[in-house]
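Below: one structure, written as structure tokens.
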Amino acid sequence: MQKSLENQAVLWRLRVAIDAPLAVNFDYLAPADTTPSDVGLRVVVPFGSGRRVGLILAVLPLSGDGTAADAPAADQLKPAESILRDLPPMPVDWISLCLFAASYYQAAPGEALLQAIPTGLRKPDPVKRRALKAVSKIEHEAPMQPALTAGQTAVLDDLLPRLNGYSANLLFGITGSGKTEVYLRLIEAVLAQGKQVLLLVPEINLTPLLEARVTQRFPHVPVVSLHSEVTEAARARHFAAALTGEAHIVIGTRLAVFTPMPKLGLIIIDEEHDPAYKQLEGMRYHARDLAVWRAHQAGVPVVLGSATPSPESWANVQSGRYQRLDLPERAHADAVLPAMTLLDTRRMTLDEGLSAQLLEELAQGLAAKEQSLLFINRRGYAPVLTCTACGWVSNCRRCAAHRVVHSLDRTLRCHHCGDTSPIPRQCPDCGNADLRPLGRGTQRVEESLRKHFPQARILRVDRDVATTRKQWEVLEAQIRSQDVDILVGTQMLAKGHDFPALTRVCVVGADAGLFAADWRAPERLFAQLMQVAGRAGRADRPGRVIVQTEHPDHALYQCLLRHDTPAFLDLELTARQQAGFPPYAAQAIVRAEAKQIDNVLDFLQRIRGLVPQEQHPEVFIYDPVPMRMVRLAGRERAQLLLESPSRIALQNFLNQWLPMISAGRGMTRGHAPGGVRWGVEVDPLEC
DNA sequence: AGCACGCCGACT
DNA sequence: GTCGGCGTGCTC
């Protein structure tokens, strides 16, 4: 064949990363049009029985010197099919970011590189690709810039002169202190330099507010968004626009930290403490941590904004790695902090979990025609159904959890695996008809409030009534138009927008977060309470926050009373230091599951002994233990926790140990005898 | 991860 | 007699 004779002009081999959990890259004969500057381009290659899109990591001489000893000989290589030239190559710093993520989080290089590329750009035969441009621009006049507060001015005076180099900055400002305005001024300055801005947000579906403010402020600037609600096709277009430099602002959730941006000038991470920045599937990365690494590598500033910073970031301020910038006052001069009250319920008789004082508070709100919010972070009617005669409880068949009573459709539902069935008329074990719901969730509180305040307009907001963004927008409009007197809701309401008429926030059931098995529960509770408290009171009307508790002396509540976030964070860090928890130790965790817990524990015990303890004195491996929720969706789970005072020592150990567990195979995930599936997570948020 | 090959159970 | 279970091994 004439064609293949021509192709013998190939001079190069392509080293290609493939989207598979394999530690190695694959070499191919380069097509005739290959040049050494094709590194970073996508390439269609034959792989196994099929075809894949891979990424060119290196263009090497076909045989000889530069090639690693274990690389296949030239005559063993298959020819690559074609190099895709519809986009510019991925920048080298983008490749470094992905490879760093892969090595740090113990994933395969190909896995990290290709998960960062939208699936639309990973198909060997693209469905007729529309011109990869078209960044939507809404042309309107830029609004007047609001005057800056003294605090905002001070922060900007500090930051603006430092835009041309790396610095990590924790922007610590209470709700309503005007962090967004600071972001906007920084963005403006970076855009003026002709550079791109990456703005990360935790979950865009409930916080489109920030995106709206950015597009409004910069009506003539191409802005692009990247998150799960953006369609596949649009995601590919937006990604391409960032890569070509056409998009000047990229707004996105955690996955957007991997957006290629050749002219990156600034990274902003809003609500940096939010656990949504942690990816929990595939490569389990933390977008905030990667963003800081990326900023460092790119030599640009990173701004981490929060009213309740993560203890990790707080520790980085204390060690001098991050610079702390405070926004101390509320942006509206007349707005005051809400008055916090703790309601000690130890000596009180409660009606459906609600104290008389709390009901009185809601009655006052009604009388004043102001909105109130009752916050209870538990959905459903009651967390469990029990039999009064024999002690039967509504356990899930597939999980180590109770099934929750839902009153609307009269079902028992497992919140972990989704298993649902009608509420039984009588006890499945003894036939007794007296079944009793224990505890309470939003539905039960809503029901009891309707009894107490039959004339009030009560609206419940939780994931059961606001499943989609559309549904939420309808509810939100209802709240804002003041068609609602009392809101009952979960943390869903804590985020969201401003509700101007809302003056009272009542919290019930918060104590559960104080003594939870998860030692990060208190910090999440504190952030949640601060956030929900921030909903109360606006410009002219002062807010009131009432927290029902049986532990009014608890340090967390005492800090909350004083709006003293720094004190709370200092306490948390002291406790962590004493316990030897992160960030004063590095952790990794191996989780495994199978049908039988014994197989899982055996597997973990075996891999634990793979390297004798005396060979890794700096890394301590705990005993394998069943997970807190042993059974999930019919599979039994256990875990192995690894801890080290040194992050490097832990990394070195993992690099030696993981390949031993299953040589040559996938690193992050694997299979073992007995139907065991396992995976590693570095810097776990739950353990 | 896919996917192929490969050797042991209950069904048309 | 076959469809199919998932164990093991490979992908330049």
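To find a chain, count down the sequence lines: A is the first, B the second, and so on, and within it residues start at 1. As the structure is a prediction and not an experimental result, all values here were calculated from the model.
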Requested in this report: Could you check which residues of residues 593-602 of chain A get a heavy atom under 4.0 Å from DNA chain C? Sort them by number, please.
Outcome: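 Residues of residues 593-602 of chain A that come under 4.0 Å of DNA chain C do not exist, since none gets that close.
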Report task. Examine dA1(B): is either OP1 or OP2 under 4.0 Å from a nitrogen or oxygen in the side chain of H671(A)? Give yes or no. Result ->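 Checking H671(A) against dA1(B): at least one side-chain N or O falls below 4.0 Å of OP1 or OP2.
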Identify each donor-acceptor pair in which a side-chain atom of residues 593-605 of chain A lies under 3.5 Å from a protein atom, sequence neighbours left out, and give them as a table.
residue	atom	partner	partner atom	Å
E593(A)	OE2	R635(A)	NE	2.6
E593(A)	OE2	R677(A)	NH2	3.1

Requested in this report: Mind checking Y28(A) for me? I need base, sugar-phosphate or nothing, with any heavy atom below 4.0 Å counting as a touch.
Outcome: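 Here Y28(A) touches the backbone only, sparing every base.
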What integer distance in Å separates [X]:[atom1] from [N]:[atom2]?
X: L57(A); N: dC12(C); atom1: CG; atom2: P; result: 16 Å
X: M283(A); N: dA1(B); atom1: CE; atom2: C1'; result: 15 Å
X: I18(A); N: dG2(B); atom1: CD1; atom2: P; result: 13 Å
X: E81(A); N: dT11(C); atom1: CD; atom2: P; result: 19 Å
X: R51(A); N: dA1(B); atom1: CZ; atom2: P; result: 23 Å
X: D19(A); N: dT11(C); atom1: CG; atom2: C1'; result: 14 Å
X: D27(A); N: dC12(C); atom1: CG; atom2: P; result: 11 Å
X: Q76(A); N: dC12(C); atom1: CD; atom2: C1'; result: 8 Å

**Report entry** Donor-acceptor pair between D683(A) and H286(A) side chains, under 3.5 angstrom
**Finding:**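 There is no such pair (donor and acceptor under 3.5 Å, judged by atom type) between the side chains of D683(A) and H286(A).
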Report task. Using side chain to side chain contact (heavy atoms under 4.5 Å, CB included) as the criterion, list what pairs up with H273(A), not counting sequence neighbours. Result ->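 For H273(A) the side chain to side chain contact (heavy atoms under 4.5 Å, CB included) partners, ignoring immediate neighbours, are E271(A), S306(A), T308(A), S310(A), A527(A).
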**Report entry** Partners meeting side chain to side chain contact (heavy atoms under 4.5 Å, CB included) with M627(A) (sequence neighbours left out)
**Finding:**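 With sequence neighbours excluded, M627(A) shows a side chain to side chain contact (heavy atoms under 4.5 Å, CB included) to R591(A), R637(A), Q639(A), given in chain and number order.
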Query raised in the report: Would you call D19(A) and R52(A) a salt bridge, using N to O less than 4.0 angstrom?
Result: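 Not counted as a salt bridge, because no side-chain N and carboxylate O are separated by less than 4.0 Å.
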Query raised in the report: By salt bridge (Lys or Arg N to Asp or Glu O under 4.0 Å), which residues pair with R288(A), not counting sequence neighbours?
Result: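 Per chain and number, R288(A) pairs via salt bridge (Lys or Arg N to Asp or Glu O under 4.0 Å) with E272(A).
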Query raised in the report: Of the nucleotides dT11(C), dA4(B), dC12(C), which one has an atom closest to the side chain of P72(A)?
Result: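 That would be dC12(C).
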**Report entry** Candidate nucleotides dA4(B), dC12(C), dT11(C), ranked by approach to the side chain of S49(A) - the nearest
**Finding:**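 Out of dA4(B), dC12(C), dT11(C), the nucleotide with an atom closest to S49(A)'s side chain is dA4(B).
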Query - With E618(A) via side chain to side chain donor-acceptor pair (under 3.5 Å) - residues at least two apart - result: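 Partners of E618(A) under the side chain to side chain donor-acceptor pair (under 3.5 Å) test: none.
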